[in-house]
Amino acid sequence: MTALETIRAALAHAASRLGASDVEVALERPRDPTHGDVATNLALTLAKTLGQKPRAIAERLVATLELPPGLVRKTEIAGPGFINFFLAGEQVVGVLPSIIAAGKDYGKSDVGRKAKVNVEFVSANPTGPLHVGHGRGAALGDGIAALLAWTGWSVTREFYVNDAGTQIDKMARSLWARVQQQAGRPGAIPEGGYHGEYLNELAATILKKEGKRFADLPEDEGVRRSREIGVSAQRAEQDQDLREFGVRFDVVSRESTIYERRLIDATLAELAAKGHTFEADGALWLRTTALGDDKDRVLKKSDGTYTYLVPDIAYHRDKHQRGFVKAIDVWGADHHGYIPRMRAALQALGYPGDFFHVEIVQLVRVMRGGEEVRFSKRSGEFVSLRDLFEETGVDAARYFFLMKRGDSQFVFDVDLAKSQTEENPVFYVQMGHARMSGIFRVAGREPGSVRADGVDLSVLTQPEEIELVKELAEFPDVLRRAAAAYEPHRVTGYLEGLARIAHAWYHKYRVLGEPEEAARLVLARAVQQVLATGLSLLGIRAPERM
RNA sequence: GCGCCCGUAGCUCAGGUGGAUAGAGCAGCAGCCUUCUAAGCUGUUGGUCGGAGGUUCGAAUCCUCCCGGGCGCACCA
């Protein structure tokens, strides 16, 4: 148990003795060193529930607090009711052995208690290549999934294929039109169809493989086969792009199977049985206004067909029936208006309010040479994900997508992503890792062989060294908070901060050949390891050399 | 017109779920290479947190209104 964990547990225990059980104890590292090494605002947060003044609570907390001897040098109450802890000198540096001992697992926690959570992301229609917006969703969804797994959830990464709607129909007709055109016949892309060059390429492949007689098929048959071939080709291409982007899914669900498994009828029956549907104007409605939506929604249109809401409800009902206690969906901003009705529908089914959670990803604009890059030749619209990561590299693309909050509008600076200087945050962090690795390379030592046992760490007294150790100690907390908030960008921010101190330390002090060599190797190893762990959670490589 | 998101340094953005004197990075300015990567480091300039009210011990953070930007508002997906 690290010093931080000990303090956290002791505070939680003291709080429960004051009558506040099950509290989340937040520890922070004050910016101002006169505020101690570790501080908590626990007394301030308890003020409301306990109905007492923060400073009075702080005094009672400190009085009941039981800390093992030798851990804390001084405890004080400051400002409005902060409790500041000044660690005994050897304690600060004392986290290093536990970091080394935990190795690749340093920072893991079990707050998720193995509960099943489903993270659904990308879920692009199989009508064309993935664009940069999908890339942002992919990076974010994968990052959230990794953070949840890291904090003890049992995570399933899922991709949902809308393979049954009218968009697919338009893709099929567009492809058929391209086949006709290439066979020398008139063929027009339908209204709202797909004009991208990729369908021309696919049409050429089909004609090559199937021969010209494919174009002679009756229209019904031609469109039907175009649909089959098109869907499977687009899916295969999307999978390939995602694989190269470093994203893998555990489950791919298809809208068509929702129909095949008769989940539609079962879902409608359950909604009706629970009294949430009604008929009006020849249609079947869901009374979502009773659950926070601003208007009721049609389920079954007066022409007898279903709205798209129905398979979506059925799909999420299926997630619930598969045992997930949480379903997190990553959606593009253009779907955000859809959230209230979906939430209402799932509440109508009786699921808890926190079962369904949506993370919104805003659109991505791509800048190169100071100008916005709008179109991709192949896809006919937007910049494709592949174009982007082939130009910048996967590491830079993923890092850039993750360094801002998902719901912020984001300008992707291609020139910056490609630059090999400190201005580029990915490069900067990776360089930090490479530099630590370089020390071991020159020393001729395997970093993994470093042990803290028997090393006198008390020689680590330089301000940069103390700061580095404190920063390393915060890693588990950062990951916990990032996971709880579904915010991978906190991890990139943390890594940049850690790398910054590491660069400063590296620049100012030597490791090899100094009296502090053994201790500094332990520190360098810990930094290297945490940078590597953080990067790998985000799906980014940690190179040994640049 | 209604709903959701956003507005923080010249630029790009953080701000740990209401806490201590609002922070980084770029850019600007001034410096630093006999060294384990200068692919880097150090110092410094720069703020009415869009505006106005409110809630309380305390607000960039919560509430109301206004201004500005984005996205949605179908018996389309």
Side-chain angles (χ1 to χ4, degrees), chain A residues 24 26-32 34-35 39 41 43-45 47-48 53-55 78-82 84 125 127 162 164-170 192 255 280-285 293-295 297-309 311-312 332-340 360 362-363 403-405 407-411 413 416 419-425 427-428 430-432 434-443 474 477-478 480-482 484-485 487 489-490 492-494 496-497 500 503-514 517 520 524 545-546:
Chain A
E24 177 80 8
L27 294 181
E28 60 173 27
R29 180 153 63 89
R31 294 207 165 272
D32 185 341
T34 66
H35 291 149
N41 63 353
L44 296 155
T45 58
K48 268 163 217 154
K53 286 184 180 164
R55 282 199 72 111
F82 289 97
N84 297 336
N125 286 340
T127 51
N162 290 94
T166 56
Q167 292 308 311
I168 302 304
D169 207 54
K170 283 180 178 152
E255 182 181 0
D281 307 325
L284 179 70
W285 297 69
D293 198 5
D294 51 11
K295 57 179 84 162
R297 306 294 171 177
V298 170
L299 296 172
K300 193 175 187 177
K301 296 181 256 178
S302 50
D303 67 2
T305 61
Y306 300 112
T307 61
Y308 56 94
L309 183 58
D312 280 359
D334 52 342
H335 287 91
H336 78 261
Y338 191 57
I339 298 172
I360 288 297
Q362 289 281 353
L363 295 180
M403 69 184 178
K404 317 282 184 196
R405 280 195 354 253
D407 63 359
S408 67
Q409 288 149 234
F410 173 51
V411 178
D413 183 339
L416 179 60
S419 92
Q420 307 262 300
T421 67
E422 48 158 336
E423 297 158 34
N424 182 349
F427 187 81
Y428 188 83
Q430 288 184 321
M431 185 66 197
R435 279 188 146 170
M436 296 303 117
S437 306
I439 297 172
F440 293 101
R441 187 168 54 244
V442 170
E474 273 191 67
D477 249 14
V478 169
R480 251 194 301 270
R481 285 192 289 249
E487 289 181 344
H489 78 270
R490 297 186 189 213
T492 60
Y494 170 84
E496 281 165 47
R500 183 160 306 113
H503 280 302
W505 174 72
Y506 176 92
H507 183 261
K508 198 162 167 186
Y509 309 101
R510 284 190 58 84
V511 174
L512 304 179
E514 300 294 310
E517 176 175 315
R520 285 183 177 163
R545 61 168 82 204
M546 306 290 294

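We name chains A, B, ... by the order of the sequence lines, and we start the count at 1 in each one.
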Asks: For a quick check, tell me whether the side chain of A:His336 and the base of B:C71 share a donor-acceptor pair closer than 3.5 Å.
Replies: yes
Asks: Does A:His489 reach a base, just sugar-phosphate, or nothing at all? Heavy atoms under 4.0 Å.
Replies: sugar-phosphate
Asks: For each nucleotide in nucleotides 21-27 of chain B, reading 5' to 3', give B when a protein heavy atom comes within less than 4.0 Å of its base, S when such contact involves only the sugar-phosphate, and - otherwise.
Replies: B--SSSS
Asks: Please state the P separation for the pair B:A59 and B:A52 - nearest whole angstrom.
Replies: 15 Å
Asks: When the C1' atoms of B:C49 and B:G15 are compared, how many Å lie between them, rounded to an integer?
Replies: 11 Å
Asks: Determine the contact category for A:Arg297: base if any of its heavy atoms lies under 4.0 Å from a base atom, sugar-phosphate if only primed atoms, P, OP1 or OP2 are that close, otherwise nothing.
Replies: nothing
Asks: When the nearest nucleotide of RNA chain B is assigned to A:Thr45 and to A:Arg435 on a heavy-atom basis, which residue is associated with the more 5' position?
Replies: A:Thr45
Asks: What's A:Asn84 touching, base or sugar-phosphate or nothing? Going by heavy atoms closer than 4.0 Å.
Replies: base
Asks: May I ask you to check whether A:Asp312 and A:Tyr338 show a side-chain donor-acceptor distance below 3.5 Å?
Replies: yes
Asks: By the 4.0 Å heavy-atom rule, please label A:Ala504 as base, sugar-phosphate, or nothing.
Replies: sugar-phosphate
Asks: Is there a donor and acceptor pair, one atom on the side chain of A:Ser302 and one on the base of B:C75, closer than 3.5 Å?
Replies: yes
Asks: Looking at B:A39, I'd like to know if its phosphate oxygens (OP1 or OP2) sit under 4.0 Å from a side-chain N or O belonging to A:Tyr506.
Replies: no
Asks: Considering only side-chain heavy atoms of A:Lys404, which listed nucleotide, B:G70, B:C36, B:U12, is closest?
Replies: B:U12
Asks: For a quick check of understanding: with a heavy-atom distance under 4.0 Å over all strands, which category does A:Ala39 fall into, base, sugar-phosphate or nothing?
Replies: base
Asks: Can you tell me how far C1' in B:A9 sits from the matching atom in B:C65, rounded to whole Å?
Replies: 28 Å
Asks: For RNA chain B, list all stems, counting runs of three or more consecutive pairs where every pair is Watson-Crick or G-U wobble with both distances under 3.5 Å.
Replies: B:1-7 with B:67-73, B:10-13 with B:23-26, B:28-32 with B:40-44, B:50-54 with B:62-66
Asks: According to a strict under-4.0 Å criterion, is A:Lys508 in side-chain N/O contact with OP1 or OP2 of B:C32?
Replies: no
Asks: With a 4.0 Å limit, can you tell me whether A:Arg405 has a side-chain N or O closer than that to the phosphate oxygens OP1/OP2 of B:C6?
Replies: yes
Asks: Say we look at B:G70 and B:U8: how far apart would their P atoms be, to the nearest angstrom?
Replies: 15 Å
